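What follows is one structure encoded as structure tokens, with my remarks underneath.
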Amino acid sequence: MTDHRAIIAALPETTKAALTTRSNLRGLGHLAGHFGAMAFTGGYIAGQAPFWGLMLLPHGILMVFLFTLSHECTHQTPFRTRWLNDAVGLAVAPLLVLPFFWFRYFHLAHHRFTNDPDRDPELAGGGRPATWRAYLIYLCGWGYWRGNIATLWQNAFGRLEAPYLPARRHAVMRAEARALIGLYVLFAISLIWSPVLIWLWLVPVLIAQPFLRLYLLAEHGHCPPVANMLENTRTTLTNRIVRWLAWNMPYHAEHHSYPAVPFHQLPALHALMADDLRAVSPSYTDFTKRYAGSLEH
């Protein structure tokens with residue numbers, strides 16, 4: 001069976017150079033579109049336009065899918081300029097309750113040990129849901145919020161013990177966590193004068209979290225614990241809107257096979273790898289139906 005390493009190694013150097021070319025223009029253009037959509041939905045809510053409550057869900061979906069941007073920034077691929085990747089990653093961290101510098105090393109460990117039940121940090125604490133009860137808890141985002149809040153507190157005031165967190169970066173991760181906690185304290189204090197952040201941030205991200213959970217479950221759910229990225233990671237075929245929202249990360253097997261490829265070049269990489277992919281779903285609806293059908297009561 002073809003291995004992802006063999007496919008990437010066989011690519012001509014000119015093709016590799018084209019695929020890995022990063023662009024501030026492409027990155028900033030996509031970022032402007034994403035933030036522009038959020039500005040529209042957020043403005044509609046803040047202005048309490050007619051039926052503004054109906055805008056909470058799309059606003060929340062736009063916000064929680066900034067996770068895919070944060071993920072891309074950990075690889076330093078959305079933008080050509082290194083500091084810009086870090087700046088954007090840090091900027092979206094408070095919205096996601098996801099400390100960016102910590103997440104970089106967590107995510108790199110996930111790439112190194114994808115779907116390894118003993119070493120992939122994404123599988124720590126029991127792995128992916130196998131029963132309906134676990135599935136519903138997963139979808140509501142309870143594990144995400146509880147885990148991220150615990151991580152923030154541990155990073156700020158406890159010991160950073162995970163083997164994938166380099167000691168030379170502990171001080172940076174500790175300062176980052178304390179800064180985020182400080183921001184949330186200011187948020188709580190602001191509620192004395194106005195509840196606007198409840199409607200512009202807290203409620204939207206809570207009600208939209210199931211959509212992100214369903215999306216993320218498709219990336220590796222029901223994939224085998226093997227080293228070949230063509231098998232342990234799933235590409236999900238979907239429409240342009242979802243690909244835009246998720247920064248082309250539905251091409252996930254391609255991303256895991258060649259993480260240096262920026263989001264805007266993933267469709268080109270998909271065209272080169274499509275015939276060799278082993279885990280492909282025709283849609284998120286199809287994957288969700290199949291996954292739900294496998295759950296135990």
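Note that the coordinates shown come from a computational prediction; the quantities given were computed from them, not determined experimentally.
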Pair [X] and [Y], ring centroids less than 6.0 Å apart:
{"X": "Tyr144", "Y": "Tyr138", "value": "no"}
{"X": "Phe103", "Y": "Phe67", "value": "yes"}
{"X": "His71", "Y": "His110", "value": "no"}
{"X": "Trp247", "Y": "Phe65", "value": "no"}
{"X": "His34", "Y": "His30", "value": "no"}
{"X": "His255", "Y": "His270", "value": "no"}
{"X": "His111", "Y": "His256", "value": "yes"}
{"X": "Tyr215", "Y": "Phe211", "value": "no"}

Any side-chain donor paired with an acceptor under 3.5 Å for [X] and [Y]?
{"X": "Ser257", "Y": "His4", "result": "no"}
{"X": "Glu72", "Y": "Thr77", "result": "yes"}
{"X": "Glu254", "Y": "Thr235", "result": "yes"}
{"X": "Asn115", "Y": "Arg128", "result": "yes"}
{"X": "Thr114", "Y": "His220", "result": "no"}

For a side chain to side chain donor-acceptor pair (under 3.5 Å) check, start with the C-alpha distance between Asn24 and Thr81, then their side-chain angles and the critical distance, and finish with the verdict. CA-CA 7 Å; Asn24 285 346; Thr81 305; 2.7 Å; yes

Do Leu123 and Tyr105 land in one hydrophobic cluster if side-chain heavy atoms of ILVMFWY residues count as linked below 4.5 Å? no

Establish whether Phe35 and Leu96 are linked, either directly or via other cluster members, by ILVMFWY side-chain heavy-atom contacts under 4.5 Å. yes

So how far is it from [X] [atom1] to [Y] [atom2], rounded to the nearest 0.5 Å?
{"X": "Trp102", "Y": "Met173", "atom1": "CH2", "atom2": "CE", "result": "10.0 Å"}
{"X": "Thr2", "Y": "Asp275", "atom1": "OG1", "atom2": "CG", "result": "10.5 Å"}
{"X": "Gln265", "Y": "Leu272", "atom1": "CD", "atom2": "CG", "result": "10.0 Å"}
{"X": "Asp120", "Y": "Phe106", "atom1": "CG", "atom2": "CZ", "result": "7.5 Å"}

Evaluate the criterion side chain to side chain donor-acceptor pair (under 3.5 Å) for residue pair His297 and Thr131; output intermediate values, then yes/no. CA-CA 6 Å; His297 290 281; Thr131 66; over 6 Å; no

Would you call the rings of Tyr44 and Phe40 parallel, tilted or perpendicular, taking 30° and 60° as the class edges? tilted

In terms of relative ring orientation, are Trp201 and Tyr184 parallel, tilted or perpendicular, with 30° and 60° separating the classes? parallel

Please name the residue in the list Ile198, Leu202, Val196 that meets the side chain to side chain contact (heavy atoms under 4.5 Å, CB included) test with Leu191. Ile198

